[in-house]
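A short worksheet on the structure shown next.
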Amino acid sequence: MTDKETYESKNFIEEIIEEDLKNNKHGGRIHTRFPPEPNGYLHIGHTKAICINFENAEKYGGRTNLRFDDTNPVTEDTEYVEAIKNDIKWLGFEWEGDALFASDYFDKLYEFAIDLIKKGLAYVDDSSAEEIAEMKGTPTQPGVNSPYRTRSIEENLDLFQHMKEGAFEDGAKVLRAKIDMSSPNMHMRDPVLYRIKKVTHHRTGDKWCIYPMYDFAHGQSDSIENITHSLCSLEFRHHRPLYDWLIEKLEIFPSRQIEFARMNVAYMITSKRKLLKLIEDGYVTGWDDPRMSTLSGLRRRGYLPQSLRRFCNIVGVAKRDNVIEMELLESVIREDLNEVATRVMVVQDPIKVVIENYPDGEQETLTSVNNPQDENSGTHNMTFSREIFIERDDFMVDPPKKYFRLAPDKHVRLKGAYIIKANRYDSDAEGNITTVYCEYEPSSKSGEDTSGIKVKGTIHWVDANNYEDVELKLYDRLFTDPTPTSHEDKDFLEFLNPESLKVVPSAKAEKYLSEVGDSEPLQFMRKGYFIKDKDSNDERLVFNRTVTLRDSWAKIKQQLEKSKQGQ
RNA sequence: UGACCCAUGGUGUAAUUGGCAACACUACGGUUUUUGGUAUCGUCAUUCUAGGUUCGAGUCCUAGUGGGUCAACCA
C-alpha cells in the first residue's frame, strides 16, 4: 500500500482545518456554527452551508452551534426560528446545546462598543444616512471624514449612553468605527456599528432601542462562542478585514472567517426576498409549496434528507461561482428513492381494456413485489378481472417500429399478470380511443408462464372493478430559465413556468395505495416517484410527484417525431 | 475604471502539492431486463490567452483576457 492509494482529496476548507490541527491551534479544538437570520425559511442553498459547518465539525471531532443572527428586529420573527430548527433536525444534524441567539449577547456587545469608544476607535455620528453614504465615497473614490469624527471620548460615551436610553429618534445618530475613510475596502470606511430602531425585538422585546449591525454582531458572537472556524459564503470576503480588525481591537477570541462559494442550482432561486414575493403574489401556495427551493418545499415534494446531504457532498466545495445542473439533483434523489420506494401501479390517463376471453364477474388475486431492489420489502396483493385500466399512451392504433406496447394484433405483458393481445377498439367522435378489446393468454400468468410468447413490452394496469381514485400533483421546474434572476433586463417572474404544476384529479390507483403511510416513498411504476401530500384526507388521497422516472422512450418518441417532420 | 476573489469537458469537483488530466452528472451508442426503470459496457479535454522558470507546468512567475464581489442605519 502506497501513499497514492490511501490519498483522499480534500477541499480547501479541510486543508485549512487539518493544517490547524497539525499545528495544535486552539488545542486541536474545532468549533463551527450555522448562523441563519430568522427572517425566512431555509432553502437548498442553506443546505450546503449547513452541511459544510456540521460535517466538518463532525469529521474532525468538533461541535457546531446553531446561532440565530437576530440583530434586525424589523424583519425577524419567532415563526422562522421554529421552522429553521425543524429543517436542520430534518436534515439529521444536531447542534451543540440549545439554539443560541446573537440577541443573547446584546449586553456584551454594548460593552464591546463602550470599550471601542474608550480606545478612541468608535464615535457617534449625527449625520443622516444620506450624508454618511455621500461621505463614504465610491469604490474608485476615497471617502471623507465625518465632521463628528473628532468628538471626544467623553462626549461619545455620553451620546452613546443616551442613544441606548432612547433620547434620540430613529436614524438621528449612529455609532461608527473609526478606521480609514480612504480604504480601498468600502467596509473599512468607518462602518456603522449601532443604529437606533425603536422596534420590538422578537426575543428582547423593548429592552433595546439600539441594535448592532451585522459586522458588529456576527464576528463578536463567533468570538464569544469561541468559534474556531467561521465558514461563510464568498460575498463576505470584503468583511473579513473588518472582522479581523474588531477582534484585534477588542482583544477577544480570534475566530477565523473562511469563505466558500455558495451553491446555485439551475432553475431554482434562493433569494429570500424573491421567494417571499412568490408567496405573497400567489404564484405558489406557501413556503412549503413543493415547487419551492425551500427545505420545507423539498420535503413536501418527497425529497429525502440524506439525498440532499449527499447532493451537497457530490457537488463539492470551492471558491468559484457555480450553477449545478438540476439533472444531478434528480439523479441523486432517483438513486436513493430507487432503493426504498414501494412500487405501486397507478394509471394517470386511463383507457379501458376489456379482456373478452376472461370470465365476466370473476376476479383473482395477484401478488406484487413491493421493491425488487430489496428482498426484504415483501409483497402486496392486487386484483385482476375482465376489465382493467391502462395508460392512454400504452396503446397505439398505428405504432412505429420501435413501439413495444399494446397495438392491434400485438402482444404485451401486463406487469405481474398476463400477456394480452389487442383485437379491436372503440373510439369516440373525435377519434379518441375509449375501449380496447383484448384477449389474454391463460398460460402466461406472471411467475408461471408456460406460454412461450415473447413480448418486448410490459405495461402497468389497474383493475377497473377494484380501484381507488386519487389526485396527483405533477410538478415540474418552477422556472423556464436556468438562472431566472440573472437577467438585467428581465424580471425573474417573466420566467415562471406555466406548466410547473399539472393536477390529475382522478388517477386510477390500485387499492393498496390507500394503505400507504404519510411519508412512505412510492414509485408509481413506469411513471415516477411520489409521496402522499398533507392535503390528503378521508375522502381524497393526494400524491405529489417528487421526480419522474428516467424516460428513454420519450427521447425515442421525440426523435421519431423530429425525423417525421424532416421528411 | 479602484480593491479583492475566481478561471480544468456541456455541468460540478479531482489531480497525492512540479511528474501519464481523474470521478460524478448530462449527452450519444451498445448489453441485460416481466418497470423503455434499475444494472452494466463504451464514446466525448491540446487545463482562458501570451510569454517566462524547469529535464518536466493544470499546478510556480509576469502580463493580458474573461467572470464575480464591494459604495444598506440588511444579513
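All values reported here derive from a predicted model rather than from experimental measurement. Labels below follow one simple rule: chain letters A, B, ... track the order of the sequence lines, proteins then strands, and each chain is numbered from 1.
Of the side-chain N and O atoms in A:Arg237, none sit less than 4.0 angstrom from OP1 or OP2 of B:A3.
Donor-acceptor pairing under 3.5 Å, judged by distance alone, is present between the side chain of A:Arg343 and the base of B:U35. Not a single donor-acceptor pair, N or O on each side, falls under 3.5 Å between the base of B:U16 and the side chain of A:Glu8. A:Gln141 contributes no side-chain N or O that forms a donor-acceptor pair with the base of B:G2 under 3.5 Å. A donor-acceptor contact under 3.5 Å is formed by the side chain of A:His239 with the base of B:A75. Between the base of B:G36 and the side chain of A:Arg405 there is a donor-acceptor pair shorter than 3.5 Å. Judged by distance alone, with hydrogens and angles left aside, A:Thr458 brings no side-chain donor or acceptor close enough to the base of B:U35 to form a pair under 3.5 Å. Residue side chain A:Arg526 does not reach the base of B:U35 through any donor-acceptor N/O pair under 3.5 Å, judged by distance alone. With hydrogens and angles left out, the side chain of A:His460 and the base of B:U35 share no donor-acceptor pair within 3.5 Å.
Residue A:Val192 is in sugar-phosphate contact alone, with no base atom involved, counting any heavy-atom pair closer than 4.0 Å across all strands shown. Residue contacts shown for A:Thr75 are absent, as no nucleic acid heavy atom lies under 4.0 Å away. In this structure, A:Val317 reaches the sugar-phosphate backbone alone: every heavy-atom distance under 4.0 Å involves primed, P, OP1 or OP2 atoms, never a base. Contacts of A:Ser368 with the nucleic acid, taken as non-hydrogen atoms under 4.0 Å apart, are absent.
Stacking annotation: A:Tyr214 is not stacked on the base of B:A75 (requires ring centroids less than 5.5 angstrom apart and an interplanar angle below 30 degrees).
At whole-Å resolution of the value, NZ in A:Lys456 and P in B:G36 are 12 Å apart.
For the C1' atoms, the distance from B:U40 to B:A45 is 25 Å, rounded to whole Å. B:U49 and B:A39 have their P atoms separated by 37 Å, with the value rounded to a whole Å.
With RNA chain B read from its 5' end, the first of the two nearest nucleotides for A:Lys527 and A:Lys272 is the one closest to A:Lys527. If you find the closest nucleotide of RNA chain B to A:Gly416 and to A:Ser9, the one lying nearer the 5' end belongs to A:Ser9.
When Watson-Crick and G-U wobble pairs are counted only if both distances are under 3.5 Å, B:U16 pairs with no nucleotide at all. With a cut-off of 3.5 Å on both Watson-Crick or G-U wobble distances, the partner of B:C60 is given as B:G52. Base pairing of B:C70 is made with B:G2, judged by Watson-Crick or G-U wobble geometry with both donor-acceptor distances under 3.5 Å.
Checked for salt-bridge contact, A:Arg405 and A:Asp394 meet the test: a charged N lies under 4.0 Å from a carboxylate O.
The glycosidic torsion of B:U17 lies within 90° of 0, placing the base in the syn range.
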